[in-house]
Amino acid sequence: MPELPEVETVKETLKRQILGKRIDKVDVRCERIVRGIPVSEFTHDLSGHVILDITRQGKYIFFHCDGIVMVVHLRMEGKFFLKPDTDPYEKHEHVIFVFSDHTTLRYHDVRKFGTMELMSPGTEQLAKGVDKLGLEPFATGFGKDYLKPLVQKSKRPIKSILLDQTVVAGLGNIYVDEVLFRAKLDPKRPGTSISDHDLEQIAVFSKQVLAKAIELGGSTIRSYVSSLGVTGRFQNELKVHTMVGKPCPVCGTVIEKTKVGGRGTYYCPHCQK
DNA sequence: AAGGGTGTTGAAAG
DNA sequence: GCTTTCAACACCCT
């Protein structure tokens, strides 16, 4: 369920629920989720440590413990649930963190794409993927001038450029469609064709859309079971994404669905040039 | 009922 | 390099 607003919501919810808890043991039932080190080392290194803080960068979540940092990416369908340790494990609960207070944090991931990796405190910026992240839309310095060389020197479709996490950290398939609709840009336009004014629009709407989505707790589409902290309400604000066949809220033209860079893409063929 | 699609990303191939 | 395609996996919907 991960784009920046959903990950932010998960992070905030987790902070309220598990800060200060001590990990007694970790049960890994799907080994491929743990990256970089053997599972035995992963569980050993986390056991006995207290969760002191939880932070987010792009779509990555950092669990800061005393002496170790766990870097998690939810990929397509990763979710966390807090449950009593007496609850039976469910089918897709692949990593279970058992706390000393007999609660458990369950990592649920139907497709098993999510990742967890351990870093020494202070080196988490070097984690794979994190090391190449571009600026978040809210970061100081994010704006037209930052985007200019990254966008205007690329022939790739503007949508693909904005999905590239080394360019903008945090935008994903939903919010890119929404940003490009508000900026009135055809998702297939090559980066080289994007004007300075367009870049300004992209920067402004990236901030605006993500801020509103965070405020509403992210989006819940595809009727997911509500996961920890993620029963968002931004889906009610979506203007194009998932709206194929519906009228454009601006001009009434029927919203179309196409494919850009292999991703399902919703847009208004009249408004977005 | 097989095939295409799904809020991601990185490895491989061109 | 840069850009595109595809695989990782399980499930849902035509």
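Each chain gets a letter, A, B and so on, in the order its sequence line appears, and its residues count up from 1.
Between A:Leu74 atom CG and C:dA10 atom C1' the separation is 17 Å, expressed in whole Å. Here C:dA8 presents its P atom at 18 Å from CD of A:Glu31, a figure rounded to the nearest Å. Going from atom CZ of A:Arg111 over to atom P of C:dC11 covers 11 Å, rounded to whole Å. Atom NE2 in A:His94 sits roughly 9 Å away from atom C1' in C:dC9 (whole-Å rounding). Between the P atom of B:dG5 and the CG atom of A:Asn173 lies a distance of 13 Å, rounded to the nearest Å. Straight-line distance from the NE2 atom of A:His108 to the C1' atom of C:dA10: 10 Å, rounded to whole Å. Put simply, CD1 on A:Ile221 is 16 Å from P on B:dG5, counting in whole angstrom units. Going from atom CE of A:Met76 over to atom P of B:dG5 covers 13 Å, rounded to whole Å.
Of all nucleotides listed (B:dG7, C:dC9, C:dC11), C:dC11 comes nearest to the side chain of A:Val110. Distances from the side chain of A:Ile174 to the nucleotides C:dC11, B:dG7, B:dG10 place B:dG7 closest. When distances run from any side-chain atom of A:Arg75 to the nucleotides C:dA10, B:dT8, C:dC11, the shortest one goes to B:dT8. Looking at the side chain of A:His92, the nearest of the listed nucleotides B:dT6, C:dA10, B:dG10 is C:dA10. The side chain of A:Phe113 sits closest to B:dT8 out of B:dG7, B:dT8, C:dA10. For A:His73, the listed nucleotide lying nearest its side chain is B:dT8; candidates were B:dT8, B:dA11, B:dG5. Considering only the side chain of A:Arg263, B:dT9 comes nearest among B:dT9, B:dG5, C:dA10.
Taking the P atom of each, C:dT3 and B:dG7 are spaced 23 Å apart, rounded to whole Å. C:dA7 and B:dG4 have their C1' atoms separated by 16 Å, with the value rounded to a whole Å. Only the P atoms considered, B:dA12 is 15 Å distant from C:dC9, to the nearest whole Å. Comparing C:dT5 with B:dG5, their P atoms sit 14 Å apart, to the nearest whole Å.
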> Which dot-bracket string describes DNA chain C (Watson-Crick N1-N3 plus N6-O4 or O6-N4, or G-U N1-O2 and O6-N3, all under 3.5 Å; [ ] crossing; | other strand)?
Replying inline: .|||||||.|||||
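Ring geometry for A:Tyr146 against A:Phe142 counts as tilted: the plane angle lies between 30° and 60°, on a 0 to 90° scale.
For the residue pair A:Lys128 / A:Thr115, no side-chain donor-acceptor distance below 3.5 Å is found, with atom types taken as modelled. Remark: the A:Tyr175 side chain and the A:Glu6 side chain contain an N/O donor-acceptor pair separated by less than 3.5 Å.
Between A:Asp164 and the choices A:Arg156, A:Lys132, A:Arg263, the salt bridge (charged side-chain N to carboxylate O under 4.0 Å, His left out) rule is met once, by A:Arg156. The side-chain hydrogen bond (donor to acceptor under 3.5 Å, both in side chains) test with A:Glu90 is passed by exactly one of A:Lys83, A:Arg106, A:His108: A:Lys83. For the pairing with A:Leu4, the side chain to side chain contact (heavy atoms under 4.5 Å, CB included) check across A:Val168, A:Ile214, A:Leu171 returns one residue only, A:Ile214.
The side chain of A:Lys59 places an N or O atom within less than 4.0 Å of a non-bridging phosphate oxygen (OP1 or OP2) of B:dT9. Between A:Lys128 and the phosphate of B:dA11, there is a side-chain N or O to OP1/OP2 separation shorter than 4.0 Å. Using a 4.0 Å cut-off, no side-chain N or O of A:Lys132 falls inside it from OP1 or OP2 of B:dG10.
A:Gly114 comes within 4.0 angstrom of no nucleic acid atom, judged by non-hydrogen atoms across all strands. Residue A:Lys257 is in sugar-phosphate contact alone, with no base atom involved, counting any heavy-atom pair closer than 4.0 Å across all strands shown. Contacts of A:Gly172 with the nucleic acid, taken as non-hydrogen atoms under 4.0 Å apart, involve only primed sugar atoms and P, OP1 or OP2. The residue A:Tyr60 sits close only to the backbone: its heavy atoms come under 4.0 Å of sugar-phosphate atoms, none of a base.
Between A:Asp196 and A:Lys144 there is no salt bridge, since no side-chain N of the basic residue sits under 4.0 Å from a carboxylate O of the acidic one. Under the 4.0 Å criterion applied to side-chain N and carboxylate O atoms, A:Arg16 and A:Glu12 are not assigned as salt-bridge partners. Ion pairing of A:Asp109 with A:Arg75 is absent here, as no side-chain N (NZ or NE/NH1/NH2) approaches a carboxylate O to less than 4.0 Å. Taking the charged nitrogens against the carboxylate oxygens, A:Asp53 and A:Lys15 do have a contact shorter than 4.0 Å, which makes a salt bridge.
When hydrophobic clusters are built by joining Ile, Leu, Val, Met, Phe, Trp and Tyr residues whose side-chain heavy atoms come closer than 4.5 Å, directly or via intermediates, A:Val98 is not grouped with A:Val72.
Near DNA chain C, meaning a heavy atom under 4.0 Å from it, residues 149-170 of chain A has A:Ser154, A:Lys155, A:Arg156 in order of number.
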